[in-house]
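The next block holds one structure in the form of structure tokens; read it before the comments.
Starting from 1, each residue takes its place in the sequence as its number. From a predicted model like this one, the values you see are computed outputs, not experimental measurements.
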Amino acid sequence: MSLAQGRPYLAIPGPSTMPDRVLNAMHRAAPNIYEGALVEMTRGLYPDLRRVAGTAAHVAIYIANGHGAWEAANANLFSRGSKALVAATGRFGIGWAESAKRMGVEVEVIDFGRAAPADPARIAKVLAADTGHAIRAVLVTHVDTASSVRNDIPAIRAAIDAVGHPALLAVDCIASLGCDEFHMDAWGVDVMVAASQKGLMVPPGLGFVWFSDKALAASQGADLATPYWDWKPRAVGAEYYQFFCGTAPTHHLFGLRESLTMILEEEGLPHVWARHATLARAVWAAFEAWGRGGDIALNITDPAHRGHSVTAARIGGGGAGRLRKWLETEAGVTLGIGLGMALPEDPAYGDFLRVAHMGHVNAHMTLGVLASMEAGMRALGIPHGKGGLEAAAAVVAGA
Ligand SMILES: *Cc1c(COP(=O)(O)O)cnc(C)c1O
């Protein structure tokens, strides 16, 4: 007998749970892409995409995943041979750096490892040494989905300004938009990238790039921009090109309309952030209790440096890998692999997992995951401290 029958829950950090309302909004006949309801509705998406990012900047929607959004930002920020400084705090920071490098950008990476946030002072030091201002942009991940670290974006902005360097600040918010508090304009961010399938709760397929007037001006001479990825016509061009440079991602747009309404009009963005923060604290509380009686630890020690949409953790002796398998086959819950923490052939690979609490997730879903994890640890004989569920319930009760 397995207790996995019933509605499965994919608790990995993207694709996240999609609300039935979003899926239902997508279930329709092909719309006219030249005029009428779709075009009208699309016009209204842009102001809401600005609101969710906290900006008055331009926004381009691409038919792409997060890797595509990275390339879109790279293509407009850089020319062949121009320079990027990447502050990497996990697999996704490294991934953005690799993407830029493959496109012919000269990339300097400051690697802060897999369990610590970027240190603004080290970024400032590299920029201060760049007296010729060769570095065009600093690329940083807001929440690195692999390590679950959350970087202090205003502090990084302040560090760039303190040394008087003109580099643009570009931030990957793919795992954090609609989960963690973020204010593009107030925090001095020039370029921000996101994708549809995480906090925005829409199936994978839409990539977004927000870019300030300053970034638009700086992009005028960038020679990596190819026709599809070029953001200039998307900022100022005729609507058909401005929107999608071809056929619109019709059904995804209807799904996005529904999700933005849920986030902005119904729950309200500050409440969305607060819900994620509370569910994150519930997960951390359980792990902390489990860790008092076993080889179990959260990846990021300081809560101030943890993202609110995903939690990376270690369960030693291959416990994480065994637990993930048990949860999928016996409880109907799929947790994330320990991405970038160890290579698959490394015995330590089985020591890491990630619990997502991203997007369309509520208390019973997260508490259900934690209770299932505790059942799995019992079933598998994985030593763990007592009181994990009680601690998580206390967080939810106190919210
Ligand atoms: C998921 C993710 C990506 C990659 O997005 P894909 O849609 O898988 O290409 C990049 N950065 C961060 C922070 C992510 O969470």
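Linking Ile, Leu, Val, Met, Phe, Trp and Tyr whenever their side-chain heavy atoms come within less than 4.5 Å puts Y62 and V191 in one cluster. Connection of L367 to I12 is not established within any shared hydrophobic cluster, with ILVMFWY side chains joined at heavy-atom distances below 4.5 Å, either directly or through further cluster members. Linking ILVMFWY side-chain heavy atoms closer than 4.5 Å, directly or via other members, places I94 and V149 in two distinct hydrophobic clusters. Under the 4.5 Å side-chain heavy-atom criterion for Ile, Leu, Val, Met, Phe, Trp and Tyr, L260 and L269 are members of the same hydrophobic cluster. At a threshold of 4.5 Å between side-chain heavy atoms, the hydrophobic network of Ile, Leu, Val, Met, Phe, Trp and Tyr places L389 and L327 in one connected group.
Nearest approach of W70 to F92, heavy atoms of both residues: CZ2-O, 3.3 Å. A88 and G93 get closest at one heavy-atom pair: CB-C, 4.1 Å. Nearest heavy atom pair, residue H58 against residue D213, reads NE2-OD1, 2.8 Å. Considering every non-hydrogen atom in both A115 and N299, the closest pair reads CB-O, 3.6 Å. The nearest pair of heavy atoms linking Y9 to A356 is OH-O, 3.9 Å. For V333 against A11, the heavy-atom pair with the smallest separation is CG1-CB, 4.3 Å.
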Inset, instruction - Could you walk me through whether R51 and E265 pass salt bridge (charged side-chain N to carboxylate O under 4.0 Å, His left out), step by step? - result: CA-CA 11 Å; R51 268 171 79 193; E265 306 302 333; 2.9 Å; yes

Legend entry - Residue pair R91, M341: steps toward the side chain to side chain contact (heavy atoms under 4.5 Å, CB included) verdict: CA-CA 8 Å; R91 183 58 225 153; M341 304 304 283; over 6 Å; no

Inset, instruction - Show the numbers, then the answer: is there a salt bridge (charged side-chain N to carboxylate O under 4.0 Å, His left out) between E266 and R21? - result: CA-CA 13 Å; E266 297 177 9; R21 279 176 59 181; 2.8 Å; yes

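The main-chain N or O of T301 is never found under 3.5 Å from a side-chain atom of H305 such that the two would form a donor-acceptor pair. Judged by distance alone, the side chain of D346 and the main-chain N or O of A348 form a donor-acceptor pair under 3.5 Å. A donor-acceptor contact shorter than 3.5 Å links the side chain of R136 to the backbone of A218. The backbone N or O of G368 sits less than 3.5 Å from a side-chain atom of S372, completing a donor-acceptor pair. Side-chain N or O atoms of N76 include none that pairs as donor or acceptor with a backbone N or O of A222 at under 3.5 Å. Side-chain atoms of R234 come within 3.5 Å of backbone atoms of I61 as a donor-acceptor pair (strictly under, hydrogens ignored). Under a 3.5 Å cut-off, the side chain of T250 and the backbone N or O of P31 do not form any donor-acceptor pair. Using modelled atom types, no side-chain atom of D180 and backbone atom of G307 make a donor-acceptor pair closer than 3.5 Å. Panel note: side chain S82, backbone F78; no donor-acceptor pair is recorded below 3.5 Å. A donor-acceptor contact shorter than 3.5 Å is absent between the side chain of N74 and the backbone of M103.
Two residues are said to be in side-chain contact when any heavy atoms from C-beta on lie closer than 4.5 Å; L77 and F211 fail this criterion. Looking only at side-chain heavy atoms (C-beta outward), V143 and I174 stay at 4.5 Å or farther from each other. The shortest side-chain heavy-atom distance between V355 and F287 falls under the 4.5 Å cut-off. Within the 4.5 Å cutoff, side-chain heavy atoms of L177 are placed close to those of M192. Residues P19 and E258 form no side-chain contact, since every pair of their non-hydrogen atoms from C-beta on lies 4.5 Å or further apart. Side-chain atoms of L10 and P15, non-hydrogen and from C-beta on, do get closer than 4.5 Å to each other. Side-chain contact between I337 and Y349 is present, with heavy atoms from C-beta onward closer than 4.5 Å. The closest side-chain heavy-atom distance from F244 to T42 is below 4.5 Å.
Salt bridge absent: K101 and E98 never bring a charged side-chain N and a carboxylate O closer than 4.0 Å. Using a cut-off of 4.0 Å between Lys/Arg side-chain N and Asp/Glu carboxylate O, K83 and D130 are scored as not salt-bridged. Comment: R306 does not engage D302 in a salt bridge, judged by the lack of any side-chain N to carboxylate O separation of less than 4.0 angstrom. Ion pairing of D144 with R150 is absent here, as no side-chain N (NZ or NE/NH1/NH2) approaches a carboxylate O to less than 4.0 Å. By the 4.0 Å N-to-carboxylate-O rule, D223 lies close enough to R80 to be salt-bridged with it. Contact check on R102 versus E71 returns no salt bridge, with no Lys/Arg side-chain nitrogen under 4.0 Å from an Asp/Glu carboxylate oxygen. By the 4.0 Å N-to-carboxylate-O rule, R157 lies close enough to D190 to be salt-bridged with it.
Shown are H357, H308, E267; of these, the side-chain hydrogen bond (donor to acceptor under 3.5 Å, both in side chains) with R275 is made only by E267. Checking each of I160, L139, I123 against L169 for a side chain to side chain contact (heavy atoms under 4.5 Å, CB included) leaves exactly one that passes, namely I160. Exactly one of D152, V171, V86 qualifies for a side chain to side chain contact (heavy atoms under 4.5 Å, CB included) with V140. That residue is V171.
Counting side-chain heavy-atom gaps under 4.5 Å among Ile, Leu, Val, Met, Phe, Trp and Tyr, the cluster of L3 also holds M1. Grouped with M358 in a hydrophobic cluster is no other residue, since no side-chain heavy-atom contact under 4.5 Å to another Ile, Leu, Val, Met, Phe, Trp or Tyr is found.
Between H384 and W290, the angle of the ring planes goes over 60°, which puts this pair in the perpendicular group of the 30/60° scheme. Ring-plane geometry between W273 and H183 is classed as perpendicular, the angle between the planes exceeding 60 degrees on a 0 to 90 degree scale with a lower cut at 30.
Looking at T55 and D185, their side chains do bring a donor and an acceptor atom within 3.5 Å of each other. Between the side chains of H142 and S176, at least one donor-acceptor pair of N or O atoms lies under 3.5 Å. For the 3.5 Å distance criterion, the side chains of T141 and W96 fail to qualify, holding no donor opposite an acceptor.
Here CD1 of I263 is found 8.5 Å from CG of L256. Values are rounded to the nearest 0.5 Å. Atom CZ of R114 is separated from atom OG of S148 by 13.5 Å, given to the nearest 0.5 angstrom.
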Less than 3.5 Å apart, which donor and acceptor atoms pair up between the side chains of residues 197-210 and the rest of the protein, not counting sequence neighbours?
residue, atom, partner, partner atom, Å
W210, NE1, L49, O, 2.9

